[in-house]
Structures are given as structure tokens and as C-alpha cells.
Amino acid sequence: MKEHGSFRNYHRNFGKLVFDMDEPFWNWFVHPLSGSQLFLYYRGRGYSSMESIAMSFVSTALFEFTIEIYTEPASIQDLYQTPIIGSLLGVVLETTSLYFLNKKNWGLRFIGHILNPTTFFNGHEAEVSLLPIVEKEQKGLGLRIHF
Amino acid sequence: MKTILKKIPFTAITIFLLLKAHSLKAFDNDLFVRGGVNLTHVILDSNQGNNNNIIGGGIHTQFGARFNSWEFLLSSTLFFAHMKQTHKCNLGRNDTACMGPLESTSLAPLAKYFTGWSINSHLHNYLFIGPVWAIQTIRLDDIEYQSETYSDNYKLSYLSRGINLGIGFEEYLLEKKEYPYFIEFSYSIVRAYQLNLIDITNFTESVVLEKFVIKEDIVGHIFSLQIGTTLF
């Protein structure tokens, strides 16, 4: 961003939509993976699958049209592949994660949490939370991870 | 008015449609996402007389809305192949041989119509048509341009546009949760309008070295067999 970003680019790229020339690693792997995490985040917040896709699309569009244009124009492939292919990958990760989370073995349940990191947060069996500690002998912040 | 309409981002309209669509009811009037695989045969034609046959495979996705007998959707087809025969790439004033791994991405907004005809009342027939935009990228094995030989860290990207139409069958099921499958045959005819020579020496950044407006007629005939299922 430092090398190629500028407000001149921002003005020039605003509202533009192009086919990007990025390597398959970015278009076929990184963007779908990011999309899957967006999908899983909204699913973890209680949205339905279709609502999660819609929210992933809104998030992607906001990023493409307001942040990425600092360096390059918004990409057609990214706008489509991030939410749509990302949601397909997200469904696979969610289903596989649920399979492992239902196992008794803590190692397999841990894998289930890693596959779907949103299960670490509110509403799931494992919670990562920060708790204030206010006692006579000690005061601070405690990190709790519950499996 | 035309200027104002042109300036409205595609995104704003799509977001509005997505948000409005939550008032739709059952699968007969609902949004859907489909995924599947494709087997694709491409015939490249140019007026220089050299043709190229390419066979590849990849994934196919669809996102859209169904209203009774009509569907309006965005379809994307990604496939990988390899250009084995020598094909001439026109770079500015130079014609040069280029071949290598090919990657193709296409995006097509389509209108689909269920004809009402079915096989055993189980597989319902449909037809679809719409414009298509595509980008085909050839990672160069070897290419000469301006007395220099480029290989490995360079690629050529063709931008093309055309028409996509086809016929297919979908399993008739009442609920999306039953994952109805589909099989369809698609044909696209696309004409290339721009060629980019890209430097990919730095993996994280693709630098466009040159852009060429294509003056010769390069037409692609894309035949694709797609099989998949409605996921949600």
C-alpha cells in the first residue's frame, strides 16, 4: 500500500470495475478462503446461509470499492469469487467442523474449532473471553479458553 | 440520465436486490447457490488461419433467484487447460508463437427458462441465454517480443466477450435442502478485444507491461458440460 497506494489512485479508481490479472493463488485460493471466513463469521452470529452470503458480498463490496481502490480498481473476479466460492468452501468447513465438534476426543474437537474459528466465540461451546480480575491480592485481565 | 445510470455502481443494485429478496418464500421463489464441475472444449479461431483445440476442466458456480418458470442468475466457469499446439499471439506488430498452461475465468449474467418439458416427470428441461465476459490467461512457456525471449515469469491475458447459451436438465425436488442436481450443456462464442502482457516476477504483484487492442479476429468457441447441485 505504501508503494502503490495514493489518494490520486483512489480518485482514479473510484467506481471502476475491471478483470484483475492476479495470480491464481490470490483469485482461486486466498479470496475464496477469505470469503469462507466471512461466511463462517456471519453464520456464527446466527445468520442463515443465504443471509451470510449476502453479508459476505456486502463486506467484500465495501472492501473492494472503498479500501482496495487506494491501490487498484475493484475486481470483478474478487467481487464474485470471494462471497460465492467462499460460501461453498465455508459450508464444507462448517459441516466438517461440526462433525469434529461432536466427537468426545478433545483433540478432534480442537480440530473442529480450528476449522471454524468462530466457534471460539460467543454462542459456541468453546469461548475465548477476557475477564477482569478485581481482588484484594491481584487485579488484572484474565484470558479464558473453555473447551 | 444515461450518465447517472452509468455511474450507479453495479454493487448498489445487487445489494438492493439481495436485501429485497429476503421477502421471497419457498424454493419456487427464492435465492439459490449452485456448485459443480465442468469439462470444457475450446476451439480458438483466428483470421491468420491458425486454430487451436484445448480441453480442460474446472469448477462452475451459479448464484441467482428463481421466480416460477424463470431464473435470473450469475454464472461463473473456471477451468484449467494447456495449450499444446503452437498458437500465434499477436503482440503489437509482432506475431509470435506462444503456448503454455491456460487458465480461464468467465462471468455470465443469464436468463433461464424452464420449458415445462420433463423426462419421467423427474428431470425438468430448461434453456438459458445471456452475455458473457471472459479472461483467458496463458502462462508463457516461451515467447519472443521486441527481440527478447520471455518465459516462466510472464503471462498473456486475453479479455473477451460474447454470448452464452445452452440447455440443461434439473432434478425436480420441492426443497433446496434435498440438493437437486443439474446437468447442462453450454456453448459460448467470444471474441477477444484486448491482450495484456504481464510480468509476474514478483508473485505478490502482477504488473501489466503492455496492453494491445486486438485488431485481428480471434474467436473462441467454448463447449462446456457442467454437472452440479443446488447447495442452498
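Computed over heavy atoms, backbone and side chain alike; hydrogens, waters and symmetry mates excluded.
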*Could you tell me which portion of A/Asp20 (side chain, backbone, both or neither) has an atom closer than 4.5 angstrom to a non-hydrogen atom of chain B?*
backbone
*Side chain, backbone, both or neither: which part of A/Gln77 has a non-hydrogen atom closer than 4.5 Å to chain B?*
side chain
Minimum heavy-atom distance [X]-[Y], with the two atoms named:
{"X": "B/Leu74", "Y": "A/Tyr80", "result": "O-OH, 3.5 Å"}
{"X": "B/Phe80", "Y": "A/Pro24", "result": "CZ-CB, 4.4 Å"}
{"X": "B/Ile135", "Y": "A/Met21", "result": "CD1-SD, 3.7 Å"}

Exceeds 12 heavy-atom contacts within 6.0 angstrom, atom [atom1] of [X]:
{"X": "A/Phe25", "atom1": "CZ", "result": "yes"}
{"X": "B/Tyr193", "atom1": "OH", "result": "yes"}
{"X": "B/Phe72", "atom1": "CZ", "result": "yes"}

*Could you please spell out the steps behind the side chain to side chain contact (heavy atoms under 4.5 Å, CB included) verdict for B/Phe63 and A/Phe57?*
CA-CA 12 Å; B/Phe63 170 71; A/Phe57 182 78; over 6 Å; no
*Go through the structure and list residues passing ring pair (Phe, Tyr, Trp, His ring centres under 6.0 Å) with B/Tyr126, not counting sequence neighbours.*
B/Phe114
*Return the set of residues passing ring pair (Phe, Tyr, Trp, His ring centres under 6.0 Å) with B/Trp133 (not counting sequence neighbours), or none when no residue passes.*
none
To the nearest 0.5 Å, tell me how far [X] [atom1] sits from [Y] [atom2].
{"X": "B/Ser160", "Y": "A/Phe19", "atom1": "OG", "atom2": "CZ", "result": "8.0 Å"}
{"X": "A/Glu51", "Y": "B/Leu31", "atom1": "CD", "atom2": "CG", "result": "10.5 Å"}
{"X": "B/Gln62", "Y": "A/Ile84", "atom1": "CD", "atom2": "CD1", "result": "11.0 Å"}
{"X": "B/Phe232", "Y": "A/Ser87", "atom1": "CZ", "atom2": "OG", "result": "4.0 Å"}
{"X": "A/Met50", "Y": "B/Lys176", "atom1": "CE", "atom2": "NZ", "result": "4.0 Å"}

*What do the steps show when you test B/Leu231 against A/Leu88 for side chain to side chain contact (heavy atoms under 4.5 Å, CB included), and what is the final call?*
CA-CA 8 Å; B/Leu231 291 162; A/Leu88 298 181; 3.0 Å; yes
*Is chain A contacted by the side chain of B/Ile59, its backbone, both, or neither, given a heavy-atom distance below 4.5 Å?*
side chain
*Pick one of side chain, backbone, both or neither for B/Thr137, based on which atoms fall under 4.5 Å of a heavy atom in chain A.*
neither
_Worked check of side chain to side chain contact (heavy atoms under 4.5 Å, CB included) between B/Thr105 and A/Ile76_ = CA-CA 10 Å; B/Thr105 304; A/Ile76 294 171; over 6 Å; no
*B/Thr61 and A/Gln81: CA distance, side-chain angles, deciding distance, side chain to side chain contact (heavy atoms under 4.5 Å, CB included) verdict*: CA-CA 9 Å; B/Thr61 59; A/Gln81 284 166 207; over 6 Å; no
